[in-house]
Amino acid sequence: MSTSTQEAAEQQDWMNGGDEGAAAVASPRAPSSRYKGVVPQPNGRWGAQIYERHARVWLGTFADEAAAARAYDVAALRFRGRGGAVNFPAAHAAAAAEMAFLAALPKSEVVDMLRKHTYDDELRQALAAAAAKDVTPSDVGRLNRLVVPKLQAEKHFPPLDETAAAPVLLAFEDDAGGGKVWRFRYSYWSSSQSYVLTRGWSRFVREKGLNAGDTVAFSQAAAAAASGIDAGEVGVKRRMFIECRKRKRKGSSHSGVPGDGCCPGGGARVVRLFGANIAAAAAIGASCVR
DNA sequence: GTTTGTGTTGAA
DNA sequence: TCAACACAAACG
């Protein structure tokens with residue numbers, strides 16, 4: 001996950017203020033943490049804990065105070081959902097994908113990962129890119145289609161049954177867009193022997209201000225029971241993500257993209273989508289099960 | 001010997 | 001629900 005600038009700033013803040021605090025009036029006392037759910041340990045490390053039903057749930061110890069605070073945040077998200085107070089709100093505000101990842105895991109599993117310090121890795125892996133493409137001018141042009149590189153499509157996308165008549169629709173939830181759902185048609189064009197996303201694609205391009213040279217990355221989270229996003233259609237639910245990174249541009253700082261506030265300063269703007277694939281036809285669903 | 005994290009208490 | 005504190009269990 002990318003570290004938000006705010007979080008970075010806060011880390012910097014506590015680092016500076018931590019032990020060089022002007023007077024520091026020789027307070028030999030272990031300083032209580034400024035973070036929720038974080039408690040000092042005798043050896044200078046930091047413990048994280050959260051309470052549920054009158055009972056404390058220990059989340060492990062950490063060298064960094066902020067790391068402990070993040071552990072608490074993760075637990076809070078899993079235990080209490082978005083409503084719960086958190087140490088770094090900005091870092092989690094738009095993380096619908098992370099929420100889905102968490103929701104698919106038992107609490108005990110999440111706690112275990114926090115205590116073993118493996119949560120970040122697990123999350124990263126769950127969201128790891130499975131396929132990526134630098135979009136071409138035609139991908140963002142008037143053709144209303146994105147060509148998905150064949151190898152990537154065959155490896156990471158649901159198999160397409162050419163004999164099926166019904167179209168395959170992929171539904172995605174916009175990770176940064178407040179739960180907005182995008183739908184694309186996914187099909188194979190035998191004339192060009194290409195896998196393509198069609199219906200809905202141009203709208204996405206428009207609203208995201210996607211330009212040629214930007215990167216679209218697809219990823220897939222470990223499948224889980226998933227009560228989540230699913231339009232009640234048949235078919236195997238795969239948890240997939242798509243992510244766009246704006247290509248860095250030299251010189252002109254903005255591309256004149258209207259509407260959705262591209263990143264200031266030209267850094268990578270990340271748009272991550274979460275979604276469950278939805279096969280509109282039972283036939284497709286069956287082939288997915290294979 | 002060191003670190004973890006539980007027992008426990010009192011405040012919010 | 002929460003953090004402070006003490007200290008025994010767990011660890012290496």
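Values below: every heavy atom of this structure, side chains too, minus hydrogens, waters and symmetry copies. Order of the sequence lines sets the chain letters (A, B, ...), proteins ahead of strands, with each chain counted from 1.
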Between R34(A) (CZ) and dC2(C) (C1'), how many Å, whole number? 18 Å

Got a sec: does the CZ of R45(A) have more than 12 other heavy atoms crowding it under 6.0 Å? yes

Which nucleotide in the set dA4(C), dA3(C), dT3(B) lies at the smallest distance from any side-chain heavy atom of R45(A)? dT3(B)

Quick check: W201(A) with F184(A) (ring centres under 6.0 Å apart)? yes

Could you state the atom-to-atom distance from CG of L114(A) to P of dG5(B) in whole Å? 12 Å

Given atom CH2 of W46(A) and atom P of dG5(B), what is their separation to the nearest angstrom? 17 Å

For the side chain of H54(A), starting at C-beta, report the closest nucleotide among dG5(B), dC2(C), dT1(C). dT1(C)

Relative to each other, are the rings of F88(A) and Y35(A) parallel, tilted or perpendicular (30° and 60° limits)? tilted

Pairs under 3.5 Å (N/O, protein and nucleotides 9-12 of chain B):
none

Between K36(A) (side chain only) and Y72(A) (backbone N and O only), is there a donor and an acceptor less than 3.5 Å apart? no

If you check every side-chain atom of W58(A), which of dT4(B), dC2(C), dG5(B) has the closest atom? dG5(B)

Can you tell me if R203(A) uses its side chain to pair, donor with acceptor, with the backbone of W182(A) under 3.5 Å? no

Quick one: label R56(A) by what it contacts on the DNA or RNA (base, sugar-phosphate, nothing), any heavy atom closer than 4.0 Å. base

Tell me: CZ of R53(A) to C1' of dC2(C), nearest whole Å? 17 Å

Take the protein atom CD of Q41(A) and the nucleotide atom C1' of dG5(B), then report the distance between them rounded to whole Å. 7 Å

Provide, to the nearest angstrom, the distance between the OH atom belonging to Y72(A) and the P atom belonging to dT1(C). 10 Å

I'd like to know if the side chain of D73(A) and the backbone of V86(A) have a donor-acceptor N/O pair within less than 3.5 Å. no

Is a donor-acceptor pair below 3.5 Å formed from side chain Q49(A) to base dG5(B), judging by atom type as modelled? no

Nearest-Å distance for atom pair CG/P, residues N43(A) and dC11(C): 16 Å

Check whether any side-chain N or O of T61(A) sits under 4.0 Å from OP1 or OP2 of dT3(B), and answer yes or no. no

Nearest whole angstrom, please: distance from the P of dT3(B) to the CG of L59(A). 20 Å

Are more than 12 heavy atoms, taken from residues, nucleotides or ligands other than K116(A), located less than 6.0 Å from that residue's NZ atom? no

